[in-house]
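Since the model is a prediction, treat every value here as computed from it, not as a measurement. Basis for what follows: all heavy atoms, side chains included, without hydrogens, waters or symmetry-related copies.
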Amino acid sequence: MAAPAIPSLSASQLASLAALGEELTADVGDVLYRVGDPTYPFVAIREGEVAILDAAENEIVRHGASSFLGELNLLSGQTVFVSAVVTKPLRYIAVDRDALRAVLFDDGPLSDLVLSTFIARREALQGVQGIGLEVVGPRSSPATMQMLDFVRANRLPFSWQDAEPPAGAEPPLVRLPGGTELQHPSRGEVLRALGVGRELAAREEVDLLVVGGGPAGLAAAVYGASEGLDTLIVESTALGGQAGSSRRIENYLGFPAGISGTELTSRAVSQARKFGARPATPYRAIELEPGNGRHLVRLEDEHEIAARAVVLATGAAYRRLPVDDLADYEGVSVFYAAGPPEAQLCGASRVAVVGGGNSAGQAAVWLARGGALVTLLHRRADLAETMSDYLIHELDRYGVAVRDRSEIAALHGANGQLEAVTLKSGERLPFSVLFLFLGAEPCTEWLDDGVARAADGFILTGDAAGAESLLETSVPGIFAAGDVRSGSSKRCAAAVGEGSMAVQFVHQHLARPTTRVG
């Protein structure tokens, strides 16, 4: 495993940490923390050296003077995945986790250094054999594959044995750091066994319930909690949504070099917690019952939340290519939307737009007008079956090459940068950017008739729903933000904007006299 660069604390940062923590010493061979421990302090090294080891005591990296120990689990409270053993006489500062979290909110440079380092270390640990969880179960087991998807989405280091669990147990078997075994656990049992994942009471009453933990939901939680609302955010898989799994978001305002989905999500979750919002995962919403004064959202496992206002931010699941390593390219050279930032990114490049609908045609024309060399790939024999005539003429007008009966079988490139694709016919085509317009399905099937939805399932808001405000649904006090909303732009920055804007409308709703709903 290639270790990330060793960070260095300045003298002033060490002094600030010393004022918060305790100055300690340790001898060679002393263990500061070990695999399976429930928690550990932040360690800033003044003198000496510490080796970081995996569960089999293989050395991963060494840290010396002016560096610090830890990765994301120090902030989240997850079980420890590695051990730290002193290799040279040590003088160090130990800072309690809660004290560290407090100073990170006030000290921008220190926060940037610590968070970026912790994120880089977590990414370096992921997928390394012998670190983190061990999942045992055959590829043929749906429960095993679902568990693997879940631990990936939550960015947990893990390894997988494609085999039946011992003694004929029902798969999967999950071994935790430290050796504890869980037989066919639920996703919530795994998270809570690792020391994370809030366990909700059978009934919770809050001011604001946010359903969905993507950019829109996290923004709503940050603004709701910061403005004094008792805010709970529930997410069925992993905080961050699809954006959280993106390797790099290139067009997010304020980050000219881009920002990884992991970093954006980690910062947003920390910010939400700072203001008192309570994230709870994994809890899946299964029913919405509008009410008088409070709306009721029922979750799996017989939990229910009564909220004075609800923000629906469950997002949309974009149809993805069934090819290996797609996630490695997403956000770097594979995109699901095409606008000015993307057009600027791929000007004069060979670009493929995949899809046969009007949205694909519009994107291809837009990109071609911006100077890209565009090829439209679609699987049907005749594009006219799915695309409007005027767009087909526009494709020809702007020199877009159209390939019928063309489906991608494989992607080729390195470090997330696409170089070529192979079609199912075996033909290889050079492309540096790929835009996928295969459709999206909103995560709204659980709503039934709770709020008005468009024919495609996306939630209607504003005038289309007969509502008083832009983001309010057909039910007063229930709002929709981000990709799940009909007519949204399906962009990360827009989702953040809608999530924060929704809280303004929440306050307006809460200031109204209570009226009976439905």
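Looking only at distances, a side-chain donor or acceptor of Y329 sits under 3.5 Å from a matching main-chain atom of G413. Checked by atom type and distance alone, the side chain of N73 pairs as donor or acceptor with a backbone atom of T79 at under 3.5 Å. Proximity of a side-chain donor or acceptor of S266 to a complementary backbone N or O of E263 within less than 3.5 Å is not detected. Here the side chain of S333 pairs a donor or acceptor atom with the backbone of G416 at under 3.5 angstrom. Under a 3.5 Å cut-off, the side chain of T314 and the backbone N or O of L312 do not form any donor-acceptor pair. Remark: the backbone N or O of L156 is not paired with any side-chain donor or acceptor of N154 at under 3.5 angstrom. Although no hydrogens or angles enter the test, the distance criterion places no donor-acceptor pair under 3.5 Å between the side chain of S388 and the main chain of L391. Checking side-chain atoms of D456 against main-chain N and O of F458 turns up a donor-acceptor pair under 3.5 Å. In this structure a side-chain-to-backbone donor-acceptor pair under 3.5 Å is missing from T461 to E472. Side chain of Q417 to main chain of A414: no donor-acceptor pair is present (N/O by atom type, distance under 3.5 Å, no hydrogens or angles).
The closest side-chain heavy-atom distance from L288 to L296 is not below 4.5 Å. The shortest distance between side-chain heavy atoms of Y252 and R491 does not fall below 4.5 Å. You'll find the side chain of V402 reaches within 4.5 Å of the side chain of D404, heavy atoms only. For the pair V433/R350, no side-chain contact is recorded, criterion being any heavy-atom separation below 4.5 Å from C-beta on.
Partner of V234 under the side chain to side chain contact (heavy atoms under 4.5 Å, CB included) criterion, chosen from V210, L209, T281: L209.
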*asked:* What verdict does the side chain to side chain donor-acceptor pair (under 3.5 Å) test give for S406 and H378, after you've listed the backbone C-alpha separation in whole Å, the side-chain angles of each residue and the deciding distance to 0.1 Å?
replied: CA-CA 5 Å; S406 297; H378 72 102; over 6 Å; no
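The local environment of OH in Y223 is sparse, with at most 12 non-hydrogen atoms from other residues, nucleotides or ligands closer than 6.0 Å. A 6.0 Å sphere centred on CZ of R369 holds no more than 12 heavy atoms belonging to other residues, nucleotides or ligands. When the shell of 6.0 Å around CD of E300 is examined, it contains more than 12 heavy atoms from other residues, nucleotides or ligands.
For the pair R187 and F150, the cation-pi criterion (under 6.0 Å, within 45° of the ring axis) is fulfilled.
The aromatic rings of H509 and F479 sit perpendicular, their planes meeting at an angle over 60°, well past the 30° parallel limit.
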